[in-house]
Amino acid sequence: MSDYLSSEQNVAVAAVRRACKLTTSVFNNLVKGETLVKGDKSPVTVADFSAQAVINTILLRAFPHDPIIGEEDASDLRTNELLRTRVVDLANEALSEKPNVEAGEEPSWGIGQKWGADDLLAAIDKGNYEGGRSGRMWTLDPIDGTKGFLRGGQYAVCLALLVDARVELGVIGCPNLPLDPSSPDGARGALFVAVRGHGTHQLPLFPTLSADHTHIPLRMPTLALSQLRFLESVEKAHAALDTNARIAEVLGVTEAPARMDSQAKYAALARGDGNGGVYLRLPTGVGYREKIWDHAPGSLLIEEAGGIVSDSRGQSLDFGLGRTLGENFGVVAAGKAVHAQILEAIKGLGGAPGI
Ligand SMILES: Nc1ncnc2c1ncn2[C@@H]1O[C@H](COP(=O)(O)OS(=O)(=O)O)[C@@H](OP(=O)(O)O)[C@H]1O
Ligand SMILES: [Mg+2]
Ligand SMILES: [Mg+2]
Ligand SMILES: [Mg+2]
């Protein structure tokens, strides 16, 4: 582990691990009937709320002055007692487990104890920061790929530290991603840590041996255009998948795309899984603004593994505009050898929705 941001790395890794243990156990005991419908119609589960309660509780005790931009807020919990009780119990189960000293956990982070409902709801609501261009702030997506989570597919618990609108630390827990991409049916649960200037590393999400704390460096493979396989969203509403197919044709990419929910796509790309080579997320043309917690940690995973991330027009992602990426549209994440050619191909399709 690099010395730069070492205490932030320790705290973020511990918080993400505890949240992933919680989401895994919620899934195993699921519970499909407990899905809520939010105003935006996206499914929100007890796991989202309790994972945000766990991570924010830890961040608030470890770094009391850092604001947090989190996806969820506690308003549904204030009016729904059954849901509130479930979330409080789940969060406390995850928080009260005694600190794992070998993994660097400390009691002063609010772990090894139980918290009251008021404290936990307040912790969730601490994720309401508006963001901005200066200072330190965390972004949190307690479950990215909610739909993937519910269908037993890929999802990710995603945390990032921004300093003056630049991502300096990204931590992503992927409970359902194979630890070793060459054995897709082997052990699942991978944790990814990227630190600006210090690379992207992988380690087991649920360590059992001391050796499991060893960070393994990741480097994106150099692939030619003809070798690429597109990584893309599962949900048609989230990206213009038809346009991806046209771009594949223009570029001579013949492999069928791999569809995967969540920022697990960035992790798989950073690791070079199945000759990924590019993650293409083109806007669907409905004016959707991407949320910063959906891309902050993932984009650093790619940059620190040697790749390039931009929007679909070639602009850098701007994390300093608030809770959304503002005038950035879509995302193109790819290896250095092919990123520019992919942007050219997108430009060539000028009339496609949202481009
Ligand atoms: N219309 C639209 N366009 C683009 N993106 C959207 C849109 N609506 C939602 N979202 C965000 O997509 C996040 C899910 O990530 P993915 O698209 O990579 O996964 S998947 O397609 O759902 O499988 C998802 O994150 P979670 O809500 O955390 O699951 C959303 O923030
Ligand atoms: Mg959501
Ligand atoms: Mg998300
Ligand atoms: Mg989410």
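Atoms within each ligand, like the ligands themselves, are counted from 1 in listed order.
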Residues K98 and E105 bridged, charged N to O under 4.0 Å: no
Residues R281 and E290 bridged, charged N to O under 4.0 Å: yes
Considering only heavy atoms of [X], which atoms of ligand 1 have at least one such atom less than 4.0 Å away?
{"X": "D141", "result": "28 (O)"}
{"X": "S233", "result": "16 (P), 17 (O), 18 (O), 21 (O)"}
{"X": "A237", "result": "1 (N), 2 (C), 3 (N)"}
{"X": "E235", "result": "20 (S), 21 (O), 22 (O), 23 (O)"}
{"X": "E71", "result": "27 (O), 28 (O)"}

Whether [X] side chain and [Y] backbone form a donor-acceptor pair below 3.5 Å:
{"X": "N244", "Y": "F230", "answer": "no"}
{"X": "D119", "Y": "W115", "answer": "no"}
{"X": "D144", "Y": "Y155", "answer": "no"}
{"X": "Q113", "Y": "S96", "answer": "no"}
{"X": "R323", "Y": "G70", "answer": "yes"}

Quiz item: cation-pi between R166 and F319, 6.0 Å / 45°: no
Approximate separation, where rounding is to 0.5 Å, of I143 CD1 and F149 CZ: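 One gets 4.5 Å once the value is rounded to the nearest 0.5 Å.
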Spacing of S134 atom OG and L162 atom CG [to the nearest 0.5 Å]: 11.5 Å
T284 and H238: side chain donor to acceptor below 3.5 Å: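 Judged by distance alone, the side chains do not pair up.
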Q154 versus D261, side-chain donor and acceptor atoms under 3.5 Å: no
Check [X] against ligand 1 and report side chain, backbone, both or neither, counting heavy atoms closer than 4.0 Å.
{"X": "S262", "answer": "backbone"}
{"X": "A239", "answer": "neither"}
{"X": "D261", "answer": "both"}
{"X": "Q263", "answer": "neither"}
{"X": "D144", "answer": "both"}
{"X": "I143", "answer": "backbone"}

Got an N/O contact under 3.5 Å between [X] and ligand 1?
{"X": "T146", "result": "yes"}
{"X": "G145", "result": "yes"}
{"X": "W293", "result": "no"}
{"X": "V234", "result": "yes"}
{"X": "H238", "result": "yes"}

Derivation and outcome, side chain to side chain donor-acceptor pair (under 3.5 Å), residues Y4 and Q9: CA-CA 9 Å; Y4 177 54; Q9 287 184 61; over 6 Å; no
In the protein, N/O/S atoms that are found under 2.8 Å from the Mg ion (ligand 3), waters not counted: D141 OD2, D144 OD1, D294 OD1
G148 near ligand 1 by a heavy-atom separation under 4.0 Å: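 Judged by the 4.0 Å heavy-atom criterion, G148 does not count as contacting ligand 1.
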Sole candidate of E168, E8, H65 that passes side-chain hydrogen bond (donor to acceptor under 3.5 Å, both in side chains) when paired with R136: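 Testing R136 for a side-chain hydrogen bond (donor to acceptor under 3.5 Å, both in side chains) against E168, E8, H65 leaves exactly one candidate, E8.
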Identity of the nearest option to atom 12 (O) of ligand 1, non-hydrogen atoms only, from K265, K147, R289, R281: R281
Verdict with reasoning, K21 to E97, per salt bridge (Lys or Arg N to Asp or Glu O under 4.0 Å): CA-CA 11 Å; K21 199 166 163 192; E97 200 174 293; 2.7 Å; yes
